[in-house]
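Below is one structure, written out as structure tokens; comments come after it.
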Amino acid sequence: MTPLKMSRPLATRLLFEAQKQPDVEVCGFLSASDEGPHEIYPVANIAAEPARRFEMDPAGQIAAMKAMRENGERLLAIYHSHPSAPPEPSIHDIEGLGYPDALYLIISLNIKGVLEMRAWQRDGEAMVERVLTVMD
């Protein structure tokens, strides 16, 4: 699998989104243009237990997809944060995969003072890690 390359400003924006609500799993879409990862589209988490799970608001998903189409972008990844767990897919994450062709970016706030983001991709029934490179 080819590495996922992302600009530092875009990675910083994703990390900032996670830090804005450190006790909630924030979530949304990452779009791509012909040049690669392009824009983030935050979507409200409407899960009953947002500190432990994420469920994207359907209206927010539709609005984000519409904006991507209007901007000539396509869906690249679903992102969400783990406030108190490592950046690895949980059983709930795997069970809730609604976009099987999308990458999954998980941002962990679990390590004090250090934010970690990892990329995952569905491979049959398994999730495999994809190399994520942040470019200056």
Side-chain angles (χ1 to χ4, degrees):
M1 278 186 231
T2 56
L4 173 62
K5 296 179 182 178
M6 182 182 306
S7 71
R8 185 159 307 281
L10 188 58
T12 299
R13 287 180 51 214
L14 281 164
L15 297 172
F16 178 70
E17 283 297 313
Q19 288 177 309
K20 286 194 312 190
Q21 297 182 72
D23 298 326
V24 173
E25 289 197 9
V26 300
C27 52
F29 294 129
L30 173 65
S31 73
S33 66
D34 292 339
E35 291 80 40
H38 186 71
E39 187 60 64
I40 62 170
Y41 293 87
V43 176
N45 181 353
I46 60 167
E49 296 180 73
R52 297 183 51 214
R53 296 195 177 125
F54 81 99
E55 180 182 338
M56 289 195 281
D57 173 57
Q61 290 181 63
I62 292 168
M65 291 295 221
K66 181 180 178 193
M68 280 186 248
R69 274 194 311 276
E70 290 171 352
N71 294 327
E73 302 161 354
R74 65 188 179 283
L75 175 63
L76 176 64
I78 310 299
Y79 72 85
H80 77 281
S81 63
H82 283 178
S84 58
E88 299 168 359
S90 70
I91 188 72
H92 302 293
D93 295 339
I94 294 168
E95 289 173 351
L97 294 177
Y99 297 88
D101 295 330
L103 296 175
Y104 287 82
L105 296 176
I106 303 176
I107 304 157
S108 176
L109 303 173
N110 190 38
I111 303 169
K112 192 171 191 161
V114 177
L115 295 171
E116 186 178 5
M117 181 167 52
R118 292 168 65 186
W120 301 87
Q121 188 165 28
R122 183 182 217 156
D123 185 11
E125 295 299 313
M127 293 293 281
V128 294
E129 187 166 9
R130 179 114 173 243
V131 174
L132 173 62
T133 305
V134 177
M135 311 295 290
D136 285 323

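Here the structure is a predicted model, which means the values were calculated and not measured.
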Verify the cluster assignment for Tyr104 and Met68: are they in a single hydrophobic cluster under the rule of side-chain heavy atoms below 4.5 Å apart? yes

Please check this pair: side chain of Gln61 against backbone of Met56, looking for a donor-acceptor N/O pair closer than 3.5 Å. yes

Just verifying a value: how many Å separate Leu109 CG and Met117 CE, rounded to the nearest 0.5 Å? 11.5 Å

Those residues that, when tested against Glu70, pass side-chain hydrogen bond (donor to acceptor under 3.5 Å, both in side chains) (two or more places apart): none

Quick one: which residue pairs count as a ring-ring contact (aromatic ring centres under 6.0 Å, His included) with a foot in residues 17-60, not counting sequence neighbours? Phe29-Tyr99, Phe54-His80

Below 4.5 Å, heavy atoms only, C-beta onward: do Asp123 and Gln121 meet side chain to side chain? no

What pairs with Ile62 under side chain to side chain contact (heavy atoms under 4.5 Å, CB included), at least two apart in sequence or on another chain? none

Return the set of residues passing side-chain hydrogen bond (donor to acceptor under 3.5 Å, both in side chains) with Gln19 (not counting sequence neighbours), or none when no residue passes. none

Shortest non-hydrogen contact between His82 and Pro87, atoms and distance: ND1-CA, 4.4 Å

With sequence neighbours excluded, tell me which residues meet side-chain hydrogen bond (donor to acceptor under 3.5 Å, both in side chains) with Ser90. Asp93

Side chains of residues 42-51: which donor-acceptor pairs under 3.5 Å do they make with residues two or more places apart or in other chains?
from: Asn45; atom 1: OD1; to: Ala47; atom 2: N; distance (Å): 2.9
from: Asn45; atom 1: OD1; to: Glu55; atom 2: N; distance (Å): 3.1
from: Asn45; atom 1: ND2; to: Glu25; atom 2: O; distance (Å): 2.7
from: Asn45; atom 1: ND2; to: Arg53; atom 2: O; distance (Å): 3.0
from: Glu49; atom 1: OE1; to: Arg52; atom 2: NH1; distance (Å): 3.0

Under 4.5 Å between any side-chain heavy atoms of Pro89 and Ile106, yes or no? yes

Quick one: do Ile40 and Leu132 end up in the same hydrophobic cluster if we chain Ile, Leu, Val, Met, Phe, Trp and Tyr together by side-chain heavy atoms under 4.5 Å apart? yes

If I compare all heavy atoms of Pro83 with all of Pro22, which pair ends up nearest, and what's the gap? CB-O, 3.1 Å

Test salt bridge (Lys or Arg N to Asp or Glu O under 4.0 Å) applied to Lys20 - qualifying residues, sequence neighbours left out: Glu17

Taking Lys5's backbone N and O only, do any of them form a donor-acceptor pair with Thr133's side chain (distance below 3.5 Å, no angle check)? no

Could you pull out all residues at least two apart from Arg118 that satisfy side-chain hydrogen bond (donor to acceptor under 3.5 Å, both in side chains)? Glu88, Glu129

Just to verify, what does Ala77 make a side chain to side chain contact (heavy atoms under 4.5 Å, CB included) with, not counting sequence neighbours? Leu30, Leu103, Leu105

Here the pair of heavy atoms bringing Leu4 nearest to Pro37 is CD1-CG, 3.8 Å

Please tabulate, one pair per line, all N/O donor-acceptor pairs under 3.5 Å involving side-chain atoms of residues 6-13, not counting sequence neighbours.
from: Ser7; atom 1: OG; to: Leu10; atom 2: N; distance (Å): 3.2
from: Arg8; atom 1: NE; to: Asp136; atom 2: OD1; distance (Å): 2.5
from: Arg8; atom 1: NH2; to: Asp136; atom 2: OD1; distance (Å): 3.3
from: Thr12; atom 1: OG1; to: Arg8; atom 2: O; distance (Å): 2.9
from: Arg13; atom 1: NH1; to: Glu39; atom 2: OE2; distance (Å): 3.2
from: Arg13; atom 1: NH2; to: Glu39; atom 2: OE2; distance (Å): 2.4

Sub-3.5 Å donor-acceptor pair from the side chain of Ser81 to the main-chain atoms of Val26, do we have one? yes

What residue pairs, at least two apart or across chains, pass ring-ring contact (aromatic ring centres under 6.0 Å, His included) with a residue in residues 116-136? none

